[in-house]
Amino acid sequence: MKYLFSLLAMFLLLNCSTNKVNSKYSTITYEAGACFGFCPVYKMTLNADRTAIFEAKRFNFSRDTSSEKDEGTFKGTINEIQYEELVSILNSLNPKELKDNYGNQNVSDLPTSYLTLNYEDGSVKKIKDYGKHGTPGLEKLYQFIDDLKTNQNWTKIE
């Protein structure tokens, strides 16, 4: 009975440790571009070790143009659970199968997002999305990354 219990416990421990999301991305870079209004302009680079750089350029903290003094470059470490959720969202998109460009260029005043995925195998996938509505999955990803600006601990470095 002890032997059976030991095997069961070992199986459960191994099973729990394999439930972690395996990141195949060495870096994930997301840039939110400008529009004619108050669209936040920033760049966020997330590394496989969960360290991140957030470059806040305009309208990230306020719509007030004087808020630019609050903008700058920040560093932080993404919470493990949220990083795993980010990787899970990315994996569900099957990014290598997505188009490189999205959006209706005949419409003006929309922000553009730029997503660059550097894979551990050295390959790179770049997606340019004018209007940020490429696919429902991409919209979810953009919102998730946008939320990281306010739900993580950032330290201003510049």
Side-chain angles (χ1 to χ4, degrees), residues 14-62 67-68 70-158:
L14 288 173
N15 192 28
C16 289
S17 65
T18 58
N19 283 341
K20 281 191 168 187
V21 175
N22 187 16
S23 177
K24 53 190 164 199
Y25 314 100
S26 57
T27 58
I28 301 162
T29 304
Y30 177 76
E31 293 183 63
C35 65
F36 292 129
F38 299 104
C39 300
V41 180
Y42 69 94
K43 179 179 179 181
M44 191 177 295
T45 303
L46 305 121
N47 300 303
D49 65 358
R50 300 187 353 256
T51 59
I53 298 291
F54 166 39
E55 299 170 56
K57 297 175 183 171
R58 292 190 69 191
F59 305 122
N60 285 281
F61 307 110
S62 169
S67 74
E68 289 182 25
D70 297 328
E71 308 287 351
T73 302
F74 301 81
K75 68 178 181 176
T77 301
I78 305 302
N79 172 293
E80 185 175 0
I81 292 169
Q82 287 175 310
Y83 184 78
E84 287 181 9
E85 186 175 349
L86 171 66
V87 170
S88 180
I89 292 169
L90 271 170
N91 289 344
S92 72
L93 292 173
N94 198 8
K96 288 186 177 183
E97 302 300 318
L98 293 173
K99 296 190 293 185
D100 295 335
N101 291 291
Y102 290 93
N104 182 351
Q105 298 296 325
N106 295 325
V107 178
S108 63
D109 191 32
L110 296 177
T112 302
S113 67
Y114 302 89
L115 178 66
T116 303
L117 304 172
N118 292 293
Y119 289 85
E120 289 181 341
D121 67 4
S123 62
V124 177
K125 174 65 177 182
K126 293 184 178 190
I127 299 171
K128 178 182 176 184
D129 190 348
Y130 179 71
K132 298 184 178 187
H133 298 294
T135 69
L138 283 172
E139 286 184 57
K140 180 179 178 180
L141 175 68
Y142 304 152
Q143 185 60 55
F144 188 88
I145 293 173
D146 203 48
D147 290 344
L148 292 175
K149 295 186 311 180
T150 57
N151 67 18
Q152 299 299 300
N153 293 322
W154 298 101
T155 303
K156 192 169 189 175
I157 56 176
E158 293 181 16

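Computed over heavy atoms, backbone and side chain alike; hydrogens, waters and symmetry mates excluded.
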Asn151 atom CG, neighbour heavy-atom count above 12 within 6.0 Å:
yes
To check you understand the geometry: which heavy-atom pair defines the closest contact between Asn79 and Gln152, and what is its length?
N-OE1, 2.8 Å
If you define the side chain from C-beta out and look only at heavy atoms, does anything of Phe144 sit under 4.5 Å from Gln82?
yes
Min side-chain heavy-atom separation Lys43-Thr29 under 4.5 Å:
yes
Sub-4.5 Å side-chain heavy-atom contact between Leu141 and Leu86:
yes
Pair Thr112, Lys128 - check side-chain contact (heavy atoms from CB on, under 4.5 Å), show working.
CA-CA 7 Å; Thr112 302; Lys128 178 182 176 184; 3.8 Å; yes
Would you call the rings of Tyr119 and Tyr25 parallel, tilted or perpendicular, taking 30° and 60° as the class edges?
tilted
So which heavy atom on Lys156 is nearest to which on Gly72, and how close?
CE-CA, 4.1 Å
Quick one: OH on Tyr142 to CG on Asp147, what's the gap to the nearest 0.5 Å?
15.0 Å
Minimal non-hydrogen separation, Lys99 against Ile127, with atom names
O-CG1, 3.7 Å
Point-to-point distance, once rounded to the nearest 0.5 Å, from CD1 of Ile53 to OG1 of Thr27:
12.5 Å
Side chains of Ser123 and Lys96: is there a donor and an acceptor less than 3.5 Å apart?
yes
Atom CD1 of Ile28 and atom OG of Ser23: how far apart are they, to the nearest 0.5 Å?
5.5 Å
Heavy-atom closest contact (Glu71 atom, Ala56 atom, distance)
OE1-CB, 2.9 Å
For the atom pair CE (Met44) and CD1 (Ile78), what is the distance rounded to the nearest 0.5 Å?
6.0 Å
Between Asp129 and Leu115, is a side-chain contact (heavy atoms from CB on, under 4.5 Å) present by the stated rule, with each step listed?
CA-CA 8 Å; Asp129 190 348; Leu115 178 66; over 6 Å; no
Can you confirm whether the side chains of Asp146 and Tyr30 place a donor and an acceptor under 3.5 Å from each other?
no
Rounding to 0.5 Å, atoms CG (Asn60) and SG (Cys39) come to a distance of 11.0 Å
Measure up the Phe54 and Tyr42 rings against each other and bin them: parallel (under 30°), tilted (30 to 60°), perpendicular (over 60°).
perpendicular
Derivation and outcome, side-chain contact (heavy atoms from CB on, under 4.5 Å), residues Tyr114 and Lys126:
CA-CA 7 Å; Tyr114 302 89; Lys126 293 184 178 190; over 6 Å; no
Hey, could you give me the CD1/CG distance between Ile89 and Leu138, rounded to the nearest 0.5 Å?
11.0 Å
Ignoring hydrogens and geometry, is there a side-chain-to-backbone donor-acceptor pair from Trp154 to Leu148 under 3.5 Å?
yes
Evaluate Glu139 against His133 for side-chain contact (heavy atoms from CB on, under 4.5 Å), listing each step before the verdict.
CA-CA 6 Å; Glu139 286 184 57; His133 298 294; 3.3 Å; yes
Is there a donor-acceptor pair under 3.5 Å between the side chain of Thr77 and the backbone N or O of Arg50?
no
With a 4.5 Å limit on heavy-atom distance, are the side chains of Ser92 and Lys140 in contact?
no
Closest contact, heavy atoms only, Lys24 versus Asn91:
CE-OD1, 3.2 Å
For Lys125 and Leu98 the tightest heavy-atom approach is NZ-O, 2.6 Å
